[in-house]
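Have a look at the structure below before the remarks.
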Amino acid sequence: MNKELKVIKQLQSLIGKKYVITDELSKEPYSKGWRYGEGHALAIAKPGKLTEMWKVLQVCVREKLIVIMQAANTGLTGGSTPFGSGYDRPILIINTMRIDDIQIINNGNQIVGLAGSTLYDLEKKLKPYGKEPHSVIGSTSIGASIVGGVCNNSGGSLVKRGPAYTELALYAKVNKYGKLELVNELDINLGVTPEEILSNLDENNYSNTDVINSQKLASDDKYTHIIRDIDSKTPSRFNADSRLLYGASGSAGKIAVFAVRLDTYDLPKKNQVFYVGSNDDQVFSKLRREILSKFKNLPTAGDYLHRDCYDAAKRYSKDTFVVIEKLGTKFLPTLFELKRKVDLISKKIPLLPNNLSDRIMQFLSNFWPNHLPKRIENYRDIYEHHWIIEMSDEGIDEARVFFKKFFQSNEGGFFECTPREGNKAILHRFSAASAYGRYHALNEHKLGGMMTIDVAFPRNEKDWFEKLPKEIDDMFEMKLYYGHLFCHVLHQNYIIKKGVNPDTIKEKLLKYYDSRGAEYPSEHNVGHEYIAKQSLKKFYRQLDPTNTFNPGIGGTSKLKNWN
């Protein structure tokens, strides 16, 4: 029996044959990124308990395997899958989505989310307590995990909450001697040995008195002050910010996280979405500065959409919009899995076209009537720049009075959305992320590559809307802009003209951002799409001195011990 087969047999005996995936066709939904990156994995292991996950890790360390931790595999930069070749050891992907328990503690003011628990389930579980999680839109819509958000310092659209952050976590690491060790920083008394700690957490076997009233942070408590500092020369949030690198937070898969403890937030009594439009990006710059510096109540959220992106989303993301609206976000992971399987089948049948699932879904979406409200469509015709600003409670009247006065002397306009309009506006913005990928899939024969930049501009930047030098701009076939305007985090998607070298244009573009004091990535993590800054590389080495977990992340070494 060779070594790889021996490992597979061991894993099957620990978690069951059904949950150790070795078939190449079945592995691909896990070994290929949602939008970027893919590579070969020996197998996919799907433990159902924390104790099983620990035993799988013991096998990996004993047999000197590379471990890639994965939850929903909804990352945008390929950071939860293998990436190409050049690895010096076999790779095992540990998918945690079966370990999805969420435990409510401290009367609903905090939660413990296990390895595969999702933001979607957390939002539902907290509602009876009058609470909500760190993120309630965006990542929630695509089934993302709680732990994944923390590991990536994901920010999202919520203005008051900043990046997902905690100093309270339970995780495994491989120390400099090559030994697996469990680190319990949850500040919950769960026992002494790893098996005892993990078993008690699996079974929710602890009482309120075991939960320590910890002084450690379970959220970013400084962000509201940071985002209001509109004259700072640095961005409000970005992945290489050393302030938010701690244990599981920002770890990007360099450890195996079993659970995180996080704060929750009071549900607003009332929400109101304002739809704002202008043809002058400087009007939005002025609006942003005045709201952040003068409002007593910060907005709940504020998301930007350029007209070109609006149009692309309307045409190429309609099916995503309709699926979420009619079937709910819970169905999206299933849809993505079906989509991947259809594409895999089409690859194996020469008569079928590439990207078959995209072609089918686009064809069917053409029969669905216009899904966007009339008033929003009218603003599309009038204005180039669109901003969806959500206020809550006392902030609603404050914003209403301000907008009326502001647009008496500034170009543009606004209207107050009905609940239906508000929900559709927000969903349209978040479904936009898939538009450029669909367009490319349908037209790849006449296009070059795709590129997405997740960039954070300094808080004092007034020229936030991209105006590229001509020599760079001429290399693009399509540019789609959207993002979180209050924190100056923008997601800029590009389709490159045929014949243009993607690496060349990316280097020029990033140098251009460097000259403007921008940071990247801001909330999607480096994955395999960005080169990690020195602060991140240092953090990764401290967490994982033998380079066992997720090697190669951020352009680092894929070899054992960082050789």
(request) Sort and list the pairs that fulfil salt bridge (charged side-chain N to carboxylate O under 4.0 Å, His left out) and have at least one residue in residues 394-403, not counting sequence neighbours. (result)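 Qualifying pairs, neighbours excluded: D397-R400, R400-E416.
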(message) For L442 and R359: C-alpha separation, side-chain torsions, deciding distance, then whether side-chain contact (heavy atoms from CB on, under 4.5 Å) applies.
(response) CA-CA 7 Å; L442 298 177; R359 297 178 187 280; 3.7 Å; yes
(request) Verify the neighbour count for atom CZ of R375: are there more than 12 heavy atoms of other residues, nucleotides or ligands below 6.0 Å? (result) yes
(request) Look at atom NZ of K222 and say whether more than 12 heavy atoms of other residues, nucleotides or ligands are closer to it than 6.0 Å. (result)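 No.
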Do the ring planes of [X] and [Y] sit parallel (below 30°), tilted (30 to 60°) or perpendicular (above 60°)?
{"X": "Y304", "Y": "H306", "value": "tilted"}
{"X": "F363", "Y": "F367", "value": "perpendicular"}
{"X": "Y494", "Y": "F476", "value": "parallel"}
{"X": "Y275", "Y": "H386", "value": "perpendicular"}

(request) Tell me, please, which residues at least two apart from R438 pass salt bridge (Lys or Arg N to Asp or Glu O under 4.0 Å). (result) D319, D358
For the [atom1] atom of [X] and the [atom2] atom of [Y], what is their distance to the nearest 0.5 Å?
{"X": "L305", "Y": "H385", "atom1": "CG", "atom2": "NE2", "result": "11.5 Å"}
{"X": "S117", "Y": "K125", "atom1": "OG", "atom2": "NZ", "result": "9.5 Å"}
{"X": "S365", "Y": "R315", "atom1": "OG", "atom2": "CZ", "result": "9.0 Å"}

So, are [X] and [Y] salt-bridged, with charged N and O less than 4.0 Å apart?
{"X": "D220", "Y": "R243", "answer": "yes"}
{"X": "K467", "Y": "D473", "answer": "no"}
{"X": "R289", "Y": "D231", "answer": "yes"}
{"X": "E477", "Y": "K446", "answer": "no"}
{"X": "K405", "Y": "E290", "answer": "no"}

(request) Compare all side-chain heavy atoms of Y481 with those of D308 and state whether any distance is below 4.5 angstrom. (result) no
(request) Report yes if some heavy atom in the side chain of N493 is under 4.5 Å from a heavy atom in the side chain of Y482; otherwise report no. (result) yes
Any chance the side chains of [X] and [Y] put a donor and an acceptor closer than 3.5 Å?
{"X": "Q362", "Y": "Y439", "result": "no"}
{"X": "D514", "Y": "Y520", "result": "yes"}
{"X": "E411", "Y": "Y383", "result": "no"}

(request) Indicate, with yes or no, if the rings of Y379 and F415 have centres closer together than 6.0 Å. (result) yes
(message) Quick check on side-chain contact (heavy atoms from CB on, under 4.5 Å): which of L122, N109, D263, N107 does K131 satisfy it with?
(response) N109
(message) The test is side-chain contact (heavy atoms from CB on, under 4.5 Å); show your working for N153 and S249 and say whether it passes.
(response) CA-CA 6 Å; N153 278 149; S249 297; 3.9 Å; yes
(request) Mind running side-chain contact (heavy atoms from CB on, under 4.5 Å) on H134 and L158 for me, showing each step along the way? (result) CA-CA 8 Å; H134 169 270; L158 299 183; 6.0 Å; no
(request) Give a yes or no answer on whether the side chain of T77 reaches the backbone of E529 with a donor-acceptor pair at less than 3.5 Å. (result) no
(request) Show your working on side-chain contact (heavy atoms from CB on, under 4.5 Å) between F430 and I324 and close with a plain yes or no. (result) CA-CA 11 Å; F430 281 98; I324 294 174; over 6 Å; no
(message) If you apply the rule salt bridge (charged side-chain N to carboxylate O under 4.0 Å, His left out), what do you find for R380 with D311, and how did you get there?
(response) CA-CA 8 Å; R380 179 263 166 228; D311 290 345; 2.8 Å; yes
